[in-house]
Protein chains: 4
Amino acid sequence: MILINERSPSPIYEQIIQQIKELILKGILQEGEKLPSVRELSGMIVVNPNTVSKAYQELERQGIIETLRGKGTFVAKQQVPRMETERLDKFQESLKQIVIEASYLGISTQQVQEWVEKYMLELRGDSNA
Amino acid sequence: MILINERSPSPIYEQIIQQIKELILKGILQEGEKLPSVRELSGMIVVNPNTVSKAYQELERQGIIETLRGKGTFVAKQQVPRMETERLDKFQESLKQIVIEASYLGISTQQVQEWVEKYMLELRGDSNA
Amino acid sequence: MILINERSPSPIYEQIIQQIKELILKGILQEGEKLPSVRELSGMIVVNPNTVSKAYQELERQGIIETLRGKGTFVAKQQVPRMETERLDKFQESLKQIVIEASYLGISTQQVQEWVEKYMLELRGDSNA
Amino acid sequence: MILINERSPSPIYEQIIQQIKELILKGILQEGEKLPSVRELSGMIVVNPNTVSKAYQELERQGIIETLRGKGTFVAKQQVPRMETERLDKFQESLKQIVIEASYLGISTQQVQEWVEKYMLELRGDSNA
DNA sequence: GTGGTCTAGACCACT
DNA sequence: GTGGTCTAGACCACT
């Protein structure tokens with residue numbers, strides 16, 4: 001379900017966050033569904049429980065999951081996205097860097113746009129079709 | 001010419017790399033043109049010389065600039081981009097993360113694609129038009 | 001009568017304690033009145049019986065309710081408050097933290113004082129008026 | 001400068017957060033001033049560096065301090081307080097609980113209000129007078 | 001030197 | 001069983 005790449009430059013807890021977000025967007029994890037416990041997941045992906053805990057806490061801060069004390073961690077009711085200016089700025093900055101990198105790789109505008117479409121469809125495919 | 005944001009999550013040396021790449025793509029820095037020396041640049045942007053040095057070394061490793069001993073650092077002859085598999089993989093991974101973030105921000109596929117086009121045009125505008 | 005918020009940062013048993021205290025102060029629960037049994041209340045608010053039991057034990061420890069074996073749990077004769085130093089210290093510490101938080105929220109001294117008065121009146125309104 | 005109470009029910013990292021907020025409000029820590037490094041502070045208050053780090057990260061998330069990579073942690077430019085509804089709700093809830101506790105301790109409305117004033121003055125006294 | 005991440009493992013409160 | 005906190009200590013990137 002979740003795959004950790006130890007060689008990735010992005011920290012393990014970030015990889016967990018990203019992949020759980022992806023699973024939720026794809027509908028593989030549904031609203032209200034229970035996530036594996038910190039210990040379970042840490043066992044499954046062979047990672048220290050603290051690392052999983054950090055990922056869960058960050059996801060909770062973002063309002064994507066919620067923990068009920070003594071019961072476990074659950075997928076939260078997904079909010080309607082609000083365009084927070086600060087987060088949007090960061091997004092655009094990242095996109096700009098991506099475009100620069102694409103230029104250096106000789107990837108065309110069209111190719112990037114196709115990939116954007118492809119990934120968007122992957123996210124929406126399973127559950128919302 | 002180069003603006004450093006001390007508070008940015010991306011490290012200073014990365015910011016230097018990104019901005020020099022951008023200046024070259026935009027044609028503001030031309031092939032063969034001399035870059036400021038490590039000391040000059042570090043003075044201009046008020047940054048530790050080690051940090052500038054690290055950026056230059058990375059840019060040289062990527063073949064984007066070259067150092068001629070005793071003469072200085074110059075914009076290299078820009079190679080025809082080769083698609084290195086590893087770098088391409090990383091690129092696609094980043095693009096995927098961007099798309100996930102866009103989903104959480106409620107940004108449409110079309111909107112992302114428009115921004116991609118806009119940034120691409122910005123890169124090509126000045127010199128290649 | 002009692003409303004539990006599963007997502008609240010304060011534990012469920014604490015919420016029960018606080019709300020029973022509030023009901024007693026407001027006179028909705030009168031001295032000598034019978035409280036619902038642990039099972040009844042746990043059924044009513046859909047909570048584990050252990051959790052209700054824990055709340056009742058703590059309320060009993062504080063002398064606010066009392067259990068008569070085989071008869072049930074009752075609102076105790078309310079004692080004249082004694083200023084226990086330890087509890088008073090904790091109270092003042094909490095109040096200090098509240099004031100710091102008010103500062104960060106930009107709430108004025110007057111506003112906080114007005115709210116204190118308002119809540120005090122709410123407690124005394126129903127029964128002692 | 002910072003005193004940890006190991007017996008306090010509130011976690012150590014929270015105590016650090018609260019006390020740093022207090023020091024900033026009192027002007028003992030000024031805008032732009034460098035905080036002790038994670039290791040220094042952890043040594044001073046005899047606590048694990050991870051615990052200090054957690055406190056600093058939370059303070060940064062709240063925009064109260066900021067870390068400059070490789071340089072250290074500094075008191076941020078203090079923002080004008082904005083009344084976020086959610087945070088305000090929590091504040092009022094806490095204040096209500098405080099008032100209930102005051103009732104049980106037999107503390108009068110006037111007494112609570114005086115203490116509020118006293119603590120507010122303490123925060124503003126040293127630097128802003 | 002600076003903070004950030006991670007492991008290993010203990011202990012605790014809550015349900 | 002559940003997540004939260006904490007210690008002890010290592011390693012790493014950045015300046």
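Excluded from the calculations below are hydrogen atoms, water molecules and symmetry mates; all remaining heavy atoms, backbone and side chain alike, are included. Letters go in sequence order (proteins before strands), and every chain restarts at 1.
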Item to check | Closest non-hydrogen atom pair between C:R7 and C:N5, with its separation | outcome: N-OD1, 2.9 Å
Next on the checklist: Side-chain N or O of A:Q57 versus OP1/OP2 of F:dG4: is the shortest distance under 4.0 Å?
Outcome noted: yes
Checklist outcome for this item: Whole-Å distance, A:E60 CD to F:dT2 P, equals 16 Å
Checklist outcome for this item: Note, DNA chain F 5' to 3' with Watson-Crick or G-U pairs under 3.5 Å encoded as ( ), [ ], | and . gives ||||||||||||||.
Checklist entry - What nucleotide, of E:dG3, F:dT2, F:dT5, holds the atom closest to the side chain of A:S53? => result F:dT5
Checklist entry - Any side-chain N or O of A:T67 less than 4.0 Å from the OP1 or OP2 oxygen of F:dT2? => result no
Next on the checklist: Between A:T73 and F:dG3, is there a contact of a side-chain N or O with OP1 or OP2 at under 4.0 Å?
Outcome noted: yes
Checklist entry - So do the side chains of D:I12 and D:I45 get within less than 4.5 Å of each other, counting heavy atoms only? => result no
Item to check | Letter per nucleotide, 5' to 3', of nucleotides 10-15 of chain F [B base touched, S only sugar-phosphate touched, - untouched; heavy atoms, 4.0 Å] | outcome: ----BS
Checklist entry - CG of D:L41 versus P of E:dG4: gap in Å, rounded? => result 14 Å
Item to check | For C:E22, the option from C:Q18, C:Q19, C:K26 that meets side chain to side chain donor-acceptor pair (under 3.5 Å) | outcome: C:K26
Checklist entry - F:dT5 P sits how many Å from D:Q15 CD, rounded? => result 13 Å
Item to check | Qualifying residues under side chain to side chain contact (heavy atoms under 4.5 Å, CB included), relative to D:K77, sequence neighbours excluded | outcome: D:E31
Item to check | Which residue lies more 5' along DNA chain E, comparing D:Y56 with A:E6 via nearest heavy atoms | outcome: D:Y56
Item to check | Pair C:E93-C:K90, salt bridge (charged side-chain N to carboxylate O under 4.0 Å, His left out): steps then yes or no | outcome: CA-CA 5 Å; C:E93 198 47 48; C:K90 276 188 191 166; over 6 Å; no
Checklist entry - Between F:dT2 atom P and A:I65 atom CD1, what is the distance in whole Å? => result 15 Å
Checklist entry - For the pair made of CD in A:E66 and C1' in F:dG4, what is the distance, rounded to whole Å? => result 17 Å
